[in-house]
**Student:** 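Below is the structure I would like to discuss, written out as structure tokens.
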Amino acid sequence: MSRTARLTVLLVTLLLLGGVATVSVLHAADRAGRRDVAQQGGPTVAPGAVSLRPGARTVVFRSTAWGPHRDELAAVPADRPQAERTASGVKCERFYAAAGTGICLRADPGAVQDGYRAVVMDAQLHDLKSFPLAGIPSRSRVSPSGHLAAWTVFTSGDNYGSLNFSTRTSIVDTRDWHLEENLETFAVLKDGQRYQAQDINVWGVTFADDTTFYATVASAGQTWLVRGDLGARTLTTLHSNVECPSLSPDGTRVAYKHRITGAANDVPWLLYVLDLRTGVETPTAESRSVDDQAVWADDHTLVYALPGDYGSDLWTVPADGSGAARELLGAALAPAYLG
Amino acid sequence: MYLADRRSSATATAEAAPGHGPGRSAVRAVSATVLALGTVSLITDISSEMVTAVLPLYLVAGLGVSPLGFGLLDGIYNGVGALVKLSAGVVADRGGGRHKAVALVGYGLSALCKPLLLVAGSVAALGAVLAVDRTGKGLRTAPRDALISLSSEPEHRGRAFGVHRAMDTAGALLGPLLAFVLLRATQGQLLVVGGDRAGYRAVFAVSGCVAAVGVVVLLLFVPGRSSGGAAGGRPAVTRALWRLAGLRRLTVCAVLLGLTTVSDSFVYLLIQRQLDLPAQYFPLLPLGTAAGFLLLAVPFGLLADKVGRRGLFLAGHGALLTGYGLLLGAGGGGWVPFAVLALHGTFYAATDGVLAAAAADVIPEAHRGAGLALVGTGQTAARFVCSLGFGAAWTAWGPHSALAAAAGALALAAVLVAVLLRTERPA
């Protein structure tokens, strides 16, 4: 083939493929634009003040319903989840709150790539202090007193051109802003012995009080439920095959993701409840895979997110294994029960 | 070690570069085939790295799954890639050079995977697509390096590989940039957990188009080789390769040094932990290495042609050893992470293309593909073994002692390699 012919073929190819690429980008941009318009039959959302202060019992969550208030923190009365949503104007990727303190994992639009921050908020959702994050926001929790906040991010990019992931979990004390940046620096105690490994990952903190918390520790392909002690800087393993624990308000049980070995890759986790006193594990009636850190609406009821048409939907199921799962709130995630 | 190496290189320079004009520019002296292959690699790396860059976000945000555990599959893919690489090298040499055809299949396979990402809706399906992508990468590496070496004059091979690796790395740096610009253009926020996948689909579609352009450039602008050595069956190839004392020795050296080369992810973890670097800078560390590699690949290719490729290959490991030393002895200081990353990039620039150029010196044309694959696979396998060993040492003794052990082993390996390479005149 002559040089001219080759250049012509290249030019035609560039035009064709350039056209395909342009159309796909325009199509995606158009879809993104439509997400700013409210969907027919979707939840009604109105702007207003959202408070984290104890008062009437409410659920504060990230609303992913299409429309002008998409991805804002919104509130509904706990007993009327279908009521009109009050949207706060504050955007968070992940959120949790307790006793008037909020933790918001937020994306900072950068010129090219987003950066992420963990923002501690007061009861009026005003920023108090923020901490830069090393990766993609995943979990966040606040201790019952509102004094401690914890968050987990996924970090990647530690292997150039490869797909390796790890987690990084931090806890901050909102009274003196002391930051434990990486819980991997705590001593892991397994069967009474110090356990050391280079592949230790910690994620999914849930607080008992201002010293004790529970979390997941993973190493060598296994996961454990650990009890953490902030003063002693230790993580003590209690039970295996537990991920993303969530402590019940009475402190007696932990809801968690239980990995099903041998199951298809698409259904890897079931929602279980562990009784901390007896060690008895109870599967809940939710039969779908749950990849979320569940929240206790009260001592008997679990709430968790499942993928839905508009991001994700919140579902609820009894904690004692009875009943059935039912949808609680569409187009919502990261709920916190207040009041 | 570095001084001993320079002494042996001085004689090499006198022998290897009698008519070497200093005024010729690096790019002009590189053949059109090398520039075309460099362009193909640049385009292909833009395509593949734009996918790699958004895949964690896509898994968490688009598919709504945790990426933990997904990394386990990665090791398996790399193992498959090494086996594929070796057989691709052998097949590519058959009939006097089917390098272009085998490389084309490799690039084509990876290009086909990009549209498949659009329909892979589960982690299992994504894993399968990525496995095919890795196979394509394994297929194309050895025949591509064989083509680079065959289309360059022996005295300019270092420069040819340097130019190719610089173009390759430029693509790897541009890919993520393009991906995030596209995500920015197609959706307001990158992270919509369990949310709309349209933005990611656009990235995959554009990635597929870019990869296809790479294949077309390869098809149109890289000449196939019709001339070349005699056809040979598989047993003949194996025997012929084993008889090459020079190749045997170089492979042993690459394996010895590979066994003591701590993998990138460990290096970044060590930088972060030993130096207590703020966590938000962690994702930027690989960029530092890549930038060093990009800037130094061409100058070091030129240097390799002047002072001897083997010497520079060894000196590159000296840079790595210096990096380990800084990590071990650093008492803080803001410059230390920069210095370690610069040394890490220097290590890549002085070893990656340089090893291929050195290997090409001792492999006859008829077995170039298989020979290059042998050295490359040996090195990769050795580094994998080192990863496993380093992980175990970290677990048993903690990071500081593990790194000290690795540094000691690297120093020992470097001395052995220096002795091994001195017993033979450098090419």
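All chains are named by letter (A, B, ...) in the order of the sequence lines, taking the proteins before the strands, and each is independently numbered beginning at 1. Both backbone and side-chain heavy atoms feed into the values below; hydrogens, waters and symmetry mates do not.
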**Student:** Tell me which of these, B/C209, B/G175, B/S48, has more heavy-atom pairs under 4.5 Å with chain A than the rest.
**Tutor:** B/C209
**Student:** Does A/R3 have more than 12 heavy atoms from other residues, nucleotides or ligands lying within 6.0 Å of its CZ?
**Tutor:**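 Incorrect, the count does not exceed 12.
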**Student:** Taking all atoms of both residues into account, what is the closest heavy-atom pair of A/S24 and B/A205, and its distance?
**Tutor:**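 For A/S24 and B/A205, the tightest heavy-atom pair comes out as OG-CB, 3.5 Å.
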**Student:** Report the distance from atom CZ of B/F221 to atom CG of A/L7, rounding to the nearest 0.5 Å.
**Tutor:**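 Between B/F221 CZ and A/L7 CG, I get 4.5 Å after rounding to 0.5 Å.
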**Student:** Rounded to the nearest 0.5 Å, what's the gap from CH2 on B/W397 to CD on A/Q196? Could you check?
**Tutor:** 12.5 Å
**Student:** Sequence neighbours left out, what passes ring-ring contact (aromatic ring centres under 6.0 Å, His included) with B/F390? Give chain and number order.
**Tutor:**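 Expected list: B/F266.
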**Student:** For A/A28 and B/A202, which heavy atoms make the closest approach, and how far apart are they?
**Tutor:**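 The answer is CB-CB, 3.8 Å.
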**Student:** Kindly compute the distance separating CG (B/L220) from OG1 (A/T13), expressed to the nearest 0.5 Å.
**Tutor:** 6.5 Å
**Student:** In terms of heavy-atom proximity below 4.5 Å to chain A, should B/V216 be classed as side chain, backbone, both, or neither?
**Tutor:**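 For B/V216, the contact with chain A is made by the side chain alone.
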**Student:** Could you tell me the separation between the CG atom of B/L219 and the CG atom of A/L10, rounded to the nearest 0.5 Å?
**Tutor:**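 Rounded to the nearest 0.5 Å, the CG-CG separation comes to 11.0 Å.
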